[in-house]
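Take a look at the structure set out below.
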Amino acid sequence: MSGIADLSAFELAAAFAHGDVTARAAVDAVAARIDRLQGRLNAYASTDIAGARERADDLDRRRARGEALGRLAGVVLSIKDNFATSSGATACGSRMLAGYHAPYNATVVARILAEDGIIIGKTAMDEFAMGSTTETSASGPVRNPWDPARVPGGSSGGAACAVAARLCHGGYGSDTGGSIRLPAAFCGVTGLKPTYGRVSRYGLVAYGSSLDQIGPLARDARDAALLLSAVEGHDPRDSTSAPLPPRNYLAALGELPRELRIGVARASFEGGCEGAVLASVDAACAAYRGLGATIVPIEMPMLKYAVACYYIVATAEASSNLARYDGVHFGHRTAEKEPPGENATVFLYSSSRREAFGAEVKRRIMLGTHVLSSGYYDAYYLKALKVRRLIKEEFDRVFERCDLVLLPASPTAPFALGEKITDPLAMYLSDVFTVSANLAGIPALSLPAGFAGGLPLGVQLLAPPLGEELLLQAGHAFQQATDWHRRTPPAGEEGA
Amino acid sequence: MAEPISRAEVEATARLARILLSEEEIAGFTSQLGSILAYMETLNELDTTDVEPLAHVLPLKNVLRPDEVRPSIGADLAVREAPDATNGFFRVPKVLGEGGGA
């Protein structure tokens with residue numbers, strides 16, 4: 001059974017432009033699915049169906065008048081709940097920001113609106129984007145649409161779930177250590193973390209500022225190309241945004257480039273992942289060989305240090321970024337009064353933060369504060385920054401011999417809710433294959449690449465800085481040769 | 001080798017991080033942060049003597065713009081989300097005098 005909600009963003013934009021589908025019909029089709037499935041999947045933290053319908057009606061009128069419309073016209077999109085929006089809540093999955101209304105739109109939100117995209121809601125996420133399962137969201141855990149007893153991955157789990165279950169045509173998330181790619185793999189959708197600096201972070205609630213990057217979660221690589229093209233480009237409001245003009249990646253999609261070399265560092269992952277994951281990597285290599293690419297065996301001995309390095313750098317930056325939640329400027333303030341003799345201001349800060357931060361956020365602030373503290377700075381933080389350079393230099397060397405690197409997206413298939421939530425280190429190791437791209441600042445694309453017992457598996461392609469065009473070409477070519485990305489989760493069909 | 005982090009260090013870190021922790025949280029973090037920090041010590045397998053630290057992947061330095069007055073959101077909107085504000089100011093507890101001691 002196929003309907004308007006099943007169309008890809010690319011197909012829908014074309015159908016809308018030709019007058020085959022109205023924007024209102026697109027919103028109604030998606031809204032009907034949200035109405036039916038949100039209770040079971042919990043993908044959205046908040047929705048604005050009435051606002052989406054108004055916007056759709058306006059687009060339909062403008063189209064009828066023959067106005068030129070943007071590239072996302074008619075497409076029903078979601079954004080992660082850590083994007084500032086001047087309408088509706090920006091809760092970031094936290095009690096700290098319950099009821100917070102940002103005074104401005106993030107640059108990405110402004111660009112989506114300028115391209116006539118329709119934002120239907122904000123997707124649930126791990127609190128402050130800190131998690132690999134979306135179990136720490138203040139709006140409750142998100143379910144995997146392929147098996148509601150399993151996690152969707154995190155931290156953009158709501159976005160991946162919504163794209164897979166047809167609760168939007170495409171979504172935007174953020175990726176600090178795999179938060180787009182891991183949920184994309186667990187939910188069977190395509191997820192792209194662009195090069196650091198490719199997409200403006202202005203208005204993205206900060207977690208690890210040298211690592212955070214916004215990117216699309218999409219039905220396929222072609223949709224990821226469309227969604228990235230619409231929002232990327234230099235932004236004077238983000239001093240780390242790359243001074244480059246936006247590109248149209250759709251125009252570049254076609255055949256796989258000739259003599260493409262894909263590096264595979266088998267020794268770095270074969271001992272650390274499930275058999276089905278390994279089989280999906282082998283199958284992806286075979287598919288690329290079939291498309292004319294060469295698989296180049298490589299060594300990446302630094303990869304095994306990436307998780308330790310990442311959780312020092314990311315938590316250090318988080319402890320600094322989250323200092324702004326002080327109970328004074330915005331967010332939660334304690335109602336408690338300081339005990340006699342205690343400093344009133346310190347009590348206000350410490351009590352507000354105790355009440356409103358969840359366990360994982362507290363853990364990461366504690367870890368980050370410790371690795372930056374006097375006596376430990378050199379042993380942990382400075383050491384991690386040096387290892388970060390070794391990891392980046394390893395990628396530089398590998399990309400002299402290869403055009404792309406292929407890795408699993410996750411060491412395992414989606415696991416059960418609750419399985420790792422009480423073991424933080426086990427949880428952090430879920431990110432073993434994704435964090436290195438953030439440390440090196442390079443782009444990486446997660447592609448559906450198989451199934452294990454009815455659960456989706458993903459592989460990841462990594463490219464040198466600013467290599468998005470090649471990544472998307474390679475992803476698109478793979479999806480012309482495979483149909484993993486076309487499978488739809490059973491949760492989408494039950495009770496239909 | 002000593003434990004990677006002691007209970008007293010967890011308490012000191014919580015004070016630096018401005019988070020009040022319960023007894024249960026202090027015990028939990030002492031053990032959890034201990035195993036995480038022990039894992040991080042795998043980095044010591046690498047000799048980084050002559051390696052320059054890398055804090056940021058971009059070659060950008062000191063991104064500047066002309067020092068021109070631009071429209072901004074204004075005081076009323078800036079304090080709109082504050083838990084306690086008055087006349088465009090954030091209200092905070094008394095920090096000087098008795099009970100302050102800052």
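Below, read A as the first sequence line, B as the second, and so on, with proteins coming before strands; counting in each chain starts at 1.
When each of B:Val63, B:Thr13, B:Val92, B:Val10 is checked for heavy-atom pairs under 4.5 Å with chain A, B:Thr13 comes out on top. Highest contact tally toward chain B, considering only A:Tyr381, A:Tyr305, A:Phe347, A:Tyr100, is held by A:Tyr305 [criterion: heavy-atom pairs under 4.5 Å]. Per-residue counts of heavy-atom pairs under 4.5 Å with chain B were compared for A:Ala440, A:Ser209, A:Pro465; the largest is that of A:Ala440. Contact count versus chain A (heavy atoms, under 4.5 Å) is highest, among B:Leu64, B:Ile73, B:Asn44, for B:Asn44. Among A:Leu425, A:Val328, A:Leu439, the residue making the largest number of heavy-atom pairs under 4.5 Å with chain B is A:Val328.
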Donor-acceptor pairs under 3.5 angstrom involving side-chain atoms of residues 352-368 of chain A: please list them, not counting sequence neighbours.
| residue | atom | partner | partner atom | Å |
| --- | --- | --- | --- | --- |
| A:Ser352 | OG | A:Thr334 | N | 3.0 |
| A:Ser352 | OG | A:Leu348 | O | 2.7 |
| A:Arg353 | NE | B:Ala17 | O | 3.2 |
| A:Arg353 | NE | B:Arg18 | O | 2.9 |
| A:Arg353 | NH1 | A:Leu322 | O | 2.8 |
| A:Arg353 | NH1 | A:Tyr325 | O | 3.0 |
| A:Arg353 | NH2 | B:Ala17 | O | 3.0 |
| A:Glu355 | OE1 | A:His332 | NE2 | 2.7 |
| A:Glu355 | OE1 | A:Thr334 | OG1 | 3.3 |
| A:Glu355 | OE2 | A:Thr334 | OG1 | 2.7 |
| A:Glu360 | OE1 | A:Arg363 | NH1 | 2.3 |
| A:Glu360 | OE2 | A:Arg364 | NE | 2.7 |
| A:Glu360 | OE2 | A:Arg364 | NH2 | 3.4 |
| A:Glu360 | OE2 | A:Tyr428 | OH | 2.8 |
| A:Lys362 | NZ | A:Arg354 | O | 2.9 |
| A:Lys362 | NZ | B:Glu25 | OE2 | 2.9 |
| A:Arg363 | NE | B:Gln32 | OE1 | 2.8 |
| A:Arg363 | NH2 | B:Gln32 | OE1 | 3.3 |
| A:Arg364 | NH1 | A:Tyr207 | OH | 2.7 |

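Within the 4.5 angstrom heavy-atom criterion, atoms from both the backbone and the side chain of A:Tyr311 approach chain B. Contact annotation for A:Leu372: neither backbone nor side-chain heavy atoms come within less than 4.5 Å of a heavy atom of chain B. Only the backbone of B:Arg91 comes within contact range of chain A, with heavy atoms under 4.5 Å apart. Within the 4.5 angstrom heavy-atom criterion, only backbone atoms of A:Ala102 (N, CA, C, O) approach chain B. Residue contact with chain A, scored on non-hydrogen atoms closer than 4.5 Å, involves the backbone and the side chain of B:Ile19 alike. For B:Thr49, the part sitting under 4.5 Å from any heavy atom of chain A is the backbone (N, CA, C, O) and nothing else. Using a 4.5 Å cut-off between heavy atoms, A:Val313 does not touch chain B at all. Using a 4.5 Å cut-off between heavy atoms, A:Ala242 makes no contact with chain B at all. Interface remark: B:Arg80 contributes side-chain atoms only to the contact with chain A (heavy atom separation under 4.5 Å). Contact annotation for A:Ser239: both backbone and side-chain heavy atoms come within less than 4.5 Å of a heavy atom of chain B.
Here the closest heavy-atom approach between residue B:Tyr39 and residue A:Lys304 is recorded as OH-O, 4.1 Å. A pairwise comparison of heavy atoms in A:Arg388 and B:Val57 identifies NH2-CG1, 3.9 Å as the closest pair. Shortest non-hydrogen contact noted between A:Gly327 and B:Pro83 is O-CG, 3.4 Å. Pairing each heavy atom of B:Thr42 with each of A:Ala308, the nearest pair is OG1-CB, 4.0 Å. Among all heavy-atom pairs drawn from B:Ile36 and A:Pro424, the shortest one is CD1-CB, 4.1 Å.
Using a 4.5 Å cut-off on side-chain heavy atoms (C-beta onward), A:Thr240 and B:His56 make contact. The closest side-chain heavy-atom distance from A:Tyr376 to B:Leu37 is not below 4.5 Å. For the pair B:Leu54/A:Leu390, no side-chain contact is recorded, criterion being any heavy-atom separation below 4.5 Å from C-beta on. Looking at A:Tyr380 and B:Leu43, their side chains never come closer than 4.5 Å, going by heavy atoms from C-beta outward.
Judged by distance alone, with hydrogens and angles left aside, the side-chain atoms of A:Lys383 form a donor-acceptor pair with the main-chain N or O of B:Leu46 at under 3.5 Å.
Within a 6.0 Å radius of CD in B:Glu11, other residues, nucleotides and ligands contribute more than 12 heavy atoms. For CD of B:Glu45, the number of neighbouring non-hydrogen atoms (other residues, nucleotides, ligands) closer than 6.0 Å is greater than 12. Surrounding CZ of A:Arg237 are at most 12 heavy atoms belonging to other residues, nucleotides or ligands under 6.0 Å away.
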task = Dump the intermediate steps for side-chain contact (heavy atoms from CB on, under 4.5 Å) on B:Met40 and A:Ile312, then the final yes or no.
result = CA-CA 8 Å; B:Met40 286 168 174; A:Ile312 294 173; 3.4 Å; yes

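By the salt bridge (charged side-chain N to carboxylate O under 4.0 Å, His left out) test, A:Asp326 is found to be paired with no residue, residues two or more places apart in sequence or in another chain being considered.
To the nearest 0.5 Å, atom CG of residue B:Asp84 and atom CZ of residue A:Arg333 are 5.0 Å apart.
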